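Read the structure below first, then the notes.
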Amino acid sequence: MRKSTSSGLSKSLILKGLQCPRALWLTRNPPEFDFPPQPERDAKFRAGTEVGQLAQQLFPGGIEVPYEGLTVPAQLARTRELIDQGAPVIYEASFSFSAIFVKVDILVRDGDSWQIHEVKMGTSVKDVNLDYVAVQHYVLTGCGLSISRSFLVHIDNSYLRQGEIDVQQLFHSEEISAKVAARQQGMPEIVNHLRETLRENNEPRNSIGPWCNDPYECDFIPWCWRHIPEQSIFDLSGRGIDKFALYRRGILHYDEIPLDELNTKQRQQVEALLNHEDSVNLSGLEDFLAELWYPLCHLDFETFSAPIPPFDDTRPYQQIPFQFSIHRQSVAGGCAEHFEFLAAPHVDPRRELAEQLLAAIPADACVLTYNQAFEKRVLTDLAELFPDLAAELTRRIENIRDLMVPFRRRDVYRWQMNGSYSIKKVLPALVPDLSYAGMTVADGNAAMAAYHEMCSLEVGEVLEKLRTDLLAYCRMDTLAMVRILEELQRLAAEEKAAGEG
Ligand code: SF4
């Protein structure tokens with residue numbers, strides 16, 4: 001691999017460098033490594049672009065300096081031209097100073113000065129946003145512009161959509177001028193440091209640390225963390241231990257961990273894995289099973305969320321259900337009848353979903369979920385939205401029980417669970433013949449991405465394939481619950497017989 005000789009900086013490079021110098025260097029000099037695809041990252045990027053374009057309506061009548069189709073010098077020249085022509089508002093205005101290239105989402109003329117309005121699709125101002133606007137301020141000032149005020153424009157998640165999107169309510173604009181000014185003094189030093197990093201011949205050897213996921217999940221985790229084994233200190237569950245402090249002390253594998261530094265659950269996790277030990281607390285398990293009754297419906301939802309509310313009566317980032325799977329059993333161990341719903345793209349799915357759900361779950365049925373807070377939240381939102389269905393939906397909410405409980409309490413623990421009580425860890429430990437392996441859609445994020453992709457298609461084979469994959473995934477979630485419950489019932493009977501024998 002030839003090292004890049006350019007020491008120019010751009011927005012993405014600056015953000016990378018502020019998070020970790022090694023990430024900056026690696027972005028410019030990517031290693032020859034098979035990085036896994038990141039469809040969710042691409043979807044997030046598209047959503048960010050959509051949010052940025054919508055925010056332009058806060059200052060209508062501006063002129064855009066596009067990135068696509070124009071070289072960097074052409075973008076700089078076009079920006080200068082618009083400034084000289086007296087344009088009051090410029091979108092994506094482009095500047096370069098000291099070999100740092102920045103684009104400003106919305107630049108607004110303010111007398112002889114200018115206002116910076118930087119748009120983010122988050123719901124609050126973060127330090128990294130302030131750092132980036134501070135760089136913009138530094139560059140624009142270096143180009144001879146006077147900056148009067150700086151703003152961070154972000155999503156206001158209290159906004160409730162009714163009809164057309166109201167951009168004044170969807171966005172919240174927060175003035176950050178003082179915080180940006182306070183960062184100006186250290187700016188030349190920061191920029192020099194970033195540039196020095198780029199000039200280094202070899203990859204910086206910064207250690208991995210909490211910054212690998214803060215403020216963003218770093219793209220280079222698969223590369224920098226490749227020496228971390230499958231089971232390591234980073235799998236320890238719960239709080240109260242500084243994993244990176246252990247790492248810095250050279251402790252990585254379970255058999256190196258000083259057990260007296262762990263809490264009770266962490267110690268159980270480590271000892272169980274090292275000794276391949278399983279455990280069952282029969283009375284806790286029996287208490288849980290005694291709370292269930294039949295008919296019993298295993299229920300799972302898939303939801304999506306978006307910064308721009310897609311339908312009336314939705315808020316930014318609200319979890320909107322688009323799919324459910326239900327396996328209904330009349331008696332313990334009985335045949336499980338399957339019901340499913342998957343919304344057509346582009347329509348508000350909630351009314352039809354709620355009606356079909358009520359038809360599939362009898363009012364007196366026990367409703368079993370995995371992590372009940374999520375399903376309760378979704379059903380509560382539906383009850384608030386449809387007053388005529390509220391009483392029926394509330395009855396289902398009251399009947400919810402949580403299959404995660406015996407695992408969270410560790411009434412049933414298998415060493416393969418390695419401290420986790422996620423269904424993705426519990427299923428292979430309890431029911432090894434059933435697996436998500438090989439499924440095209442194999443987790444909730446992938447399901448959300450598949451639904452978003454479905455919504456970008458009209459008809460055709462790809463859409464049908466996505467539908468099939470989504471139905472298979474959600475069905476698998478509730479089938480997994482059926483099999484896990486059966487295994488719990490079998491375990492309880494076995495333990496009880498052993499105790500009596
Ligand atoms: S994975 Fe961590 S150490 Fe590696 S570049 Fe990213 S932030 Fe830096």
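Keep in mind the model is a prediction, meaning the values are calculated, not measured. Order of listing sets the numbers, starting from 1, for every ligand and every atom in it.
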Fill in the blank from the handout: In this structure, atom 6 (Fe) of ligand 1 is nearest to the protein heavy atom Cys218 SG, 2.3 Å
Practice task
Specify side chain, backbone, both or neither for Cys20, according to which of its non-hydrogen atoms lie closer than 4.0 Å to ligand 1.
Solution key: side chain
Exercise for the section: Evaluate the ring planes of Tyr436 and Tyr473, with Trp represented by its six-membered ring, and classify them as parallel (under 30°), tilted (30 to 60°) or perpendicular (over 60°). Expected result: tilted
Completion exercise
Near Ala23 (heavy-atom distance under 4.0 Å), the atoms of ligand 1 are 5 (S)
Problem - Heavy-atom pair with the smallest gap, counting every atom of Asp235 and Glu230 - result: OD2-O, 3.0 Å
Fill in the blank from the handout: atom 3 (S) of ligand 1: of Gly209, Ser207, Pro210, the nearest heavy atom sits on Ser207
Problem - Ring geometry between Tyr67 and Phe101 (parallel below 30°, tilted from 30 to 60°, perpendicular above 60°) - result: tilted
Exercise for the section: Please determine if Asp131 and Arg183 form a salt bridge, counting it only when a charged side-chain N lies under 4.0 Å from a carboxylate O. Expected result: yes
Exercise for the section: Answer yes if the side chains of Asn418 and Gln269 hold a donor-acceptor pair under 3.5 Å, and no otherwise. Expected result: yes
Handout entry: Under-4.0 Å salt bridge between Glu118 and Lys120
Key = yes
Problem - Any N, O or S atom of Cys212 closer than 2.8 Å to atom 2 (Fe) of ligand 1 - result: yes
Completion exercise
The atoms of ligand 1 lying under 4.0 Å from a heavy atom of Ile221, numbered in the order shown, are 1 (S)
Practice task
Specify the protein heavy atom at minimum distance from atom 4 (Fe) of ligand 1: its residue, its atom name, and the distance to 0.1 Å.
Solution key: Cys224 SG, 2.4 Å
